[in-house]
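What follows is a single structure, written as structure tokens, with notes after it.
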Amino acid sequence: MTTAQPLDVQPTPLALLLLGREADPKSERGVECPGDLPAPSDPDLVERARAAKAALGDKVFVLGHHYQRDEVIEFADVTGDSFKLARDAAARPDAEYIVFCGVHFMAESADILTGDDQQVILPDLAAGCSMADMATAEQVAECWDVLTEAGVAEQVVPVSYMNSSADIKAFTGKHGGTICTSSNAKRALDWAFEQGEKVLFLPDQHLGRNTAVRDMGLSLDDCVVYNPHKPNGGLTAEQLRAAKMILWRGHCSVHGRFSLESVNDVRARIPGVNVLVHPECKHEVVAAADYVGSTEYIIKALEAAPRGSKWAIGTELNLVRRLANRFAAEDKEIVFLDKTVCFCSTMNRIDLPHLVWALESLAAGKVVNRIQVDDETESFAKMALERMLALP
């Protein structure tokens, strides 16, 4: 009997990328993350985080997105959605290090809005965003060529969701457009239609469609979907000329999973339930919901809800679970809209071991996982962000 010898198999570049061991600077999906991380089961992890943060003092400012794990939120100086956190960072010019517990595009926005002497740190560089990945600079440039060939580019104003890479924000700024959040998407679209006849909405088709149809009175026929994986986006020149909203074929992998069936099921299971969903959900889900709004809107709605009320929430599970625990004492029943558990997998890459590693490295004088946007990209991206800040 012979003993099988191990195969000499070399990992492919894609395999290394998925493992977070190779670099792809134009991708959200993850790059090299050097250094040894403490094991998640390390009983001293919490104390180590406290000690490192205390040693850094006012030199560090930790931002925690609402979708982060509780073990990470515990160490955040402020919590919020992506744009609020970027602005909070900009409001702390004395903080030498900004540790952003979120995903890559959020850290880029913080780097754009903070001073040159501040350094933005992302504890795990593999914490990306599937939605942001759905629109690359090359694809969007090709889309603009298609719009030009169709003779409509001069009529189009790009509006990009905050959940996009710095490259896409820069494209938006360069072409006279603005950025929006889920809170101010209607104001952004109102402004855009004052500048031109059509909008190219990037990269989330659902937020663009829901805002246009639900909030602005446009019809579904006014919207077309540009698919970057098809020739000419899968659209004819006539369709582009007739459309008012050109929606990029992108979506959030968390919010996109909620369905009309989810809404009908929870209404059957919980009589009198209020269905509250994020506008990144599909149009039929938003149409069937009782309330629709951003992450901040969801939190405020539950704060103002009467005791004993029942709520099914269509957004990321970490936040829903945290809100359910927070309002349990007020007899508010808060459940996840879908039966299937759904965390944001990339957001959850920021865990306590990665945070401890980043803080201890900074305390030892070693800057790790710094996020830097190049000067030209920053200039045009900031232009688009400033247009948003100037919206009425």
Side-chain angles (χ1 to χ4, degrees), residues 64-71 73 79-82 84 130-131 161 163 181-186 204-220 223 247 251-345 347-348:
H65 190 274
H66 285 309
Y67 296 167
Q68 288 293 315
R69 308 161 183 250
D70 288 344
E71 67 186 37
I73 289 293
T79 59
D81 60 17
S82 60
K84 175 184 180 295
S130 58
M131 181 198 295
Y161 190 22
N163 298 28
T181 68
S182 52
S183 299
N184 69 4
K186 182 181 183 299
D204 179 23
Q205 61 170 307
H206 300 306
L207 177 62
R209 183 183 294 107
N210 289 329
T211 305
V213 176
R214 180 178 182 272
D215 300 333
M216 300 180 65
L218 274 67
S219 72
L220 290 174
C223 307
L247 306 168
H251 66 275
C252 170
S253 57
V254 170
H255 294 111
R257 71 175 293 113
F258 297 115
S259 65
L260 183 57
E261 182 182 359
S262 302
V263 177
N264 294 336
D265 177 75
V266 80
R267 290 198 192 282
R269 286 189 293 113
I270 308 176
V273 70
N274 298 284
V275 178
L276 171 56
V277 303
H278 195 282
E280 290 175 17
C281 292
K282 297 172 185 174
H283 182 67
E284 59 266 28
V285 174
V286 165
D290 299 301
Y291 304 94
V292 182
S294 67
T295 304
E296 296 290 340
Y297 174 91
I298 290 171
I299 295 170
K300 290 177 182 177
L302 292 176
E303 288 174 342
R307 295 181 66 94
S309 54
K310 303 174 183 180
W311 297 83
I313 311 299
T315 193
E316 207 273 344
L317 182 57
N318 270 318
L319 175 60
V320 177
R321 187 169 58 184
R322 191 175 300 123
L323 292 171
N325 291 334
R326 175 181 169 187
F327 294 114
E330 299 178 24
D331 297 324
K332 297 176 187 178
E333 182 180 351
I334 298 172
V335 301
F336 190 59
L337 177 58
D338 197 0
K339 286 182 177 180
T340 305
V341 172
C342 186
F343 292 103
C344 176
S345 58
M347 188 77 75
N348 270 266

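- Shown here for Gly293 and Pro279, the closest heavy-atom pair between the two residues is O-CD, 3.2 Å.
- Looking at Ile270 and Val335, their side chains come closer than 4.5 Å, going by heavy atoms from C-beta outward.
- Using modelled atom types, one side-chain atom of Gln68 and one backbone atom of Met347 make a donor-acceptor pair closer than 3.5 Å.
- Expressed to the nearest 0.5 Å, how far CG of Asn184 lies from OG of Ser294 amounts to 9.5 Å.
- Counting only distance, with no hydrogens or angles, the side chain of Gln205 and the backbone of Leu247 share no donor-acceptor pair below 3.5 Å.
- Summarising the geometry, atom CG belonging to Asp70 is positioned 10.0 Å from atom CG belonging to Leu319; distances are rounded to the nearest 0.5 Å.
- Residues Asn348 and Arg69 approach most closely at O-NH2, 2.7 Å, considering heavy atoms.
- You'll find the side chain of Ile334 reaches within 4.5 Å of the side chain of Phe327, heavy atoms only.
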### Task
With side chain to side chain contact (heavy atoms under 4.5 Å, CB included) as the test, would you mind laying out the steps for Leu337 and Val263 before giving the verdict?
CA-CA 7 Å; Leu337 177 58; Val263 177; 4.3 Å; yes
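- The structure places NE2 of His251 at 6.5 Å from OG of Ser130, a figure rounded to the nearest 0.5 Å.
- For the atom pair SG of Cys344 and NE2 of His65, the computed distance is 8.5 Å after rounding to the nearest 0.5 Å.
- Side chains of His66 and Thr79: no donor on one and acceptor on the other come within 3.5 Å.
- If you take OG1 on Thr295 and CD1 on Ile313, they are separated by 11.0 Å, rounding to the nearest 0.5 Å.
- No side-chain heavy atom of His255 sits less than 4.5 Å from a side-chain heavy atom of Asp204.
- With rounding to the nearest 0.5 angstrom, the NE2 atom of His278 is 7.5 Å from the CG atom of Leu207.
- A pairwise comparison of heavy atoms in Asn318 and Tyr67 identifies ND2-O, 3.0 Å as the closest pair.
- For the pair Ile298 and Leu323, the minimum side-chain heavy-atom distance is below 4.5 Å.
- For Ile299 against Arg326, the heavy-atom pair with the smallest separation is CG2-NH1, 3.9 Å.
- Ser82 has its side chain within reach of Asn163: a pair of non-hydrogen atoms, C-beta onward, lies under 4.5 Å apart.
- Listed for the Asn210 side chain is a donor-acceptor partner under 3.5 Å among the backbone atoms of His206.
- Residues Val285 and Ser259 come closest through the heavy atom pair CG2-C, 3.5 Å.
- For the residue pair Tyr297 and Ser182, no side-chain donor N or O sits within less than 3.5 Å of a side-chain acceptor on the partner.
- No side-chain donor-acceptor contact under 3.5 Å links Asn274 to the backbone of Trp311.
- Here the side chain of Asp331 pairs no donor or acceptor atom with the backbone of Gly308 at under 3.5 angstrom.
- Looking at Glu303 and Lys332, no side-chain N of the basic residue comes within less than 4.0 Å of a carboxylate O on the acidic one, giving no salt bridge.
- Among all heavy-atom pairs drawn from Val254 and Glu316, the shortest one is CG1-CA, 4.0 Å.
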